[in-house]
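Let me begin by presenting the structure, written as structure tokens, before commenting on it.
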Amino acid sequence: MEIITSIQEMKDYVKYLNENEQNISFIPTMGNLHKGHISLIDESKKILSKKIASIFVNPLQFNDKKDLDTYPSNTEEDIQILKENNIDCLFMPNEDILSDLDYKIYLPDGFGTYLCGRYREGHFEGVYKIVNKLLDLVRPNFTYFGKKDYQQILLVKYILQKNPEKFKKINLVECKTIRETNGLALSSRNSLLTEGQKNIASEIFQCLIDYKNIDENIALKKEFKDKIDGRLQEKGIEMEYFEVFNVTELHTLHNISFSSSDHKIVFIAARIFGIRLIDNIEIE
């Protein structure tokens with residue numbers, strides 16, 4: 001596996017692949033890799049292509065410095081995981097990648113007033129800048145993102161649609177959420193929790209399942225939503241939001257072309273022992 005740290009080396013590597021008519025699959029990450037990341041790599045193996053993964057903890061997307069300072073990192077283990085999973089190239093840029101990102105971003109209101117955007121000021125502007133920069137450097141044919149971070153997927157769609165000429169060949173592949181046996185969605189932040197705390201945190205997913213299993217009686221669903229905050233508090237979990245949207249509504253709010261399907265998605269964000277976790281579940 002080739003490891004690249006400079007922007008110019010990355011440009012040269014991509015130029016070489018393009019000259020040799022190689023398809024490129026790109027898996028951007030912030031490291032501390034887990035089975036969720038590996039599932040993205042596994043998905044990329046369905047396409048004959050050169051596999052490029054990146055590791056960069058982007059400071060621009062953290063609205064809380066403590067969250068940035070405590071974000072888990074395990075670079076040596078990450079490199080070993082990528083080698084074992086036959087990644088061709090790891091792009092691990094230093095902070096020089098931020099050198100030309102001091103510009104103002106104006107995103108649709110949906111990214112600042114709904115779901116995570118409402119509670120993480122400036123988060124999606126920071127994500128936009130680094131994802132846009134990485135996609136511009138790598139210019140992949142396929143890029144892979146997990147559905148756990150659904151609003152991030154909406155942002156990537158927005159980036160691709162906003163820059164149709166530059167990114168016209170990029171196909172966004174949405175990958176299913178990978179879970180622990182107790183249902184807790186895999187996240188790099190899970191490593192900050194003990195096994196006992198992760199078992200408690202699984203109540204977050206259970207709330208989604210229970211809501212999904214309620215019949216279409218609107219009164220029952222409203223009653224359920226009204227009680228979720230108290231239910232989580234009993235477990236020591238602080239709820240941030242619990243929201244239900246249909247896909248067309250989400251695309252409209254975020255100024256993105258409509259999806260071909262219009263099912264509902266239930267979203268939740270909560271904190272347990274100071275660790276912020278998010279999850280969602282689709283309702284067909």
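Side chains are part of it too, since the values below use all heavy atoms of this structure and drop only hydrogens, waters and symmetry mates.
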| Quick one: do E125 and K129 make a salt bridge, cutoff under 4.0 Å? | no
Please output the side-chain donor-acceptor pairs of residues 93-105 that fall under 3.5 Å, not counting sequence neighbours, one pair per line with the distance.
residue : atom : partner : partner atom : Å
N94     : OD1  : D96     : N            : 2.8
S99     : OG   : D96     : O            : 2.8
D100    : OD1  : K133    : NZ           : 2.8

| field | Salt-bridge contact E240-R120 (side-chain N to carboxylate O under 4.0 Å) | value | no
| task | For the residue pair Q22 and S49, confirm or rule out a side-chain donor-acceptor distance under 3.5 Å. | result | no
| field | Side-chain donor-acceptor contact under 3.5 Å, D149 with Q152 | value | no
| Any idea which heavy atoms bring M92 and T75 closest together, and the distance? | SD-CG2, 3.8 Å
| Hey, does the side chain of S188 reach the backbone of G31 with a donor-acceptor pair shorter than 3.5 angstrom? | yes
| message | Tell me if the centroids of the rings in H254 and F111 come within less than 6.0 Å of each other. | response | yes
| request: Would you kindly confirm whether I278 and V57 end up in one hydrophobic cluster when ILVMFWY residues are joined by side chain heavy atoms under 4.5 Å apart? | output: no
| request: Taking atom types as modelled, find out whether T248 and D262 have a side-chain donor-acceptor pair closer than 3.5 angstrom. | output: yes
| Step-by-step salt bridge (charged side-chain N to carboxylate O under 4.0 Å, His left out) determination, K157 to E174 | CA-CA 10 Å; K157 287 182 178 180; E174 303 176 29; 3.1 Å; yes
| Charged N-O contact under 4.0 Å between D64 and R276 | no
| task | Taking the six-membered ring for Trp and the single ring otherwise, decide whether the centroids of Y150 and F267 are under 6.0 Å apart. | result | yes
| said: Within the 4.5 Å heavy-atom criterion, are I27 and T29 side-chain neighbours or not? | reply: yes
| E43/K176 salt bridge by N-O under 4.0 Å criterion | no
| note | Test side chain to side chain donor-acceptor pair (under 3.5 Å), reference Q80, set E76, K83, E84, output is E84
| task | Output yes when K147 and E282 qualify as a salt bridge under the 4.0 Å nitrogen-oxygen rule, no when they do not. | result | yes
| query | Between S191 and N32, do the side chains contain an N or O donor and an N or O acceptor separated by less than 3.5 Å? | reply | yes
| task | To the nearest 0.5 angstrom, please state how far the SG atom of C89 sits from the CD1 atom of I52. | result | 5.0 Å
| task | Please test D42 against K45 for salt bridge (charged side-chain N to carboxylate O under 4.0 Å, His left out), starting from the C-alpha separation and ending with a verdict. | result | CA-CA 5 Å; D42 288 342; K45 291 177 181 177; 3.7 Å; yes
| Do you know the tightest heavy-atom contact between G146 and I153? | O-CD1, 3.5 Å
| field | Within the 6.0 Å centroid threshold, strictly below: Y71 and F62 | value | yes
| field | Atom of K51, atom of D88 and distance for their closest heavy-atom approach | value | N-OD2, 2.7 Å
| request: Of all the heavy-atom pairs spanning K148 and A185, show the shortest one and how long it is. | output: CD-CB, 3.6 Å
| Hey, would you say the F242 and Y211 ring centroids sit under 6.0 Å apart? | yes
| task | To the nearest 0.5 angstrom, please state how far the CG atom of L184 sits from the CG atom of L186. | result | 7.0 Å
| task | Please name the pair of heavy atoms, one in P140 and one in I170, separated by the smallest distance, quoted to 0.1 Å. | result | O-CG1, 3.0 Å
| For R139, does its backbone N or O pair with a side-chain atom of K169 as donor and acceptor, under 3.5 Å? | yes
| message | Looking at every non-hydrogen atom in both residues, tell me the closest pair between L33 and D78 and how far apart they are. | response | N-OD1, 2.9 Å
| query | Is a donor on one side and an acceptor on the other found under 3.5 Å between the side chain of Q197 and the backbone of T194? | reply | yes
| Do you see a donor-acceptor pair shorter than 3.5 Å between the side chains of Q8 and D12? | yes
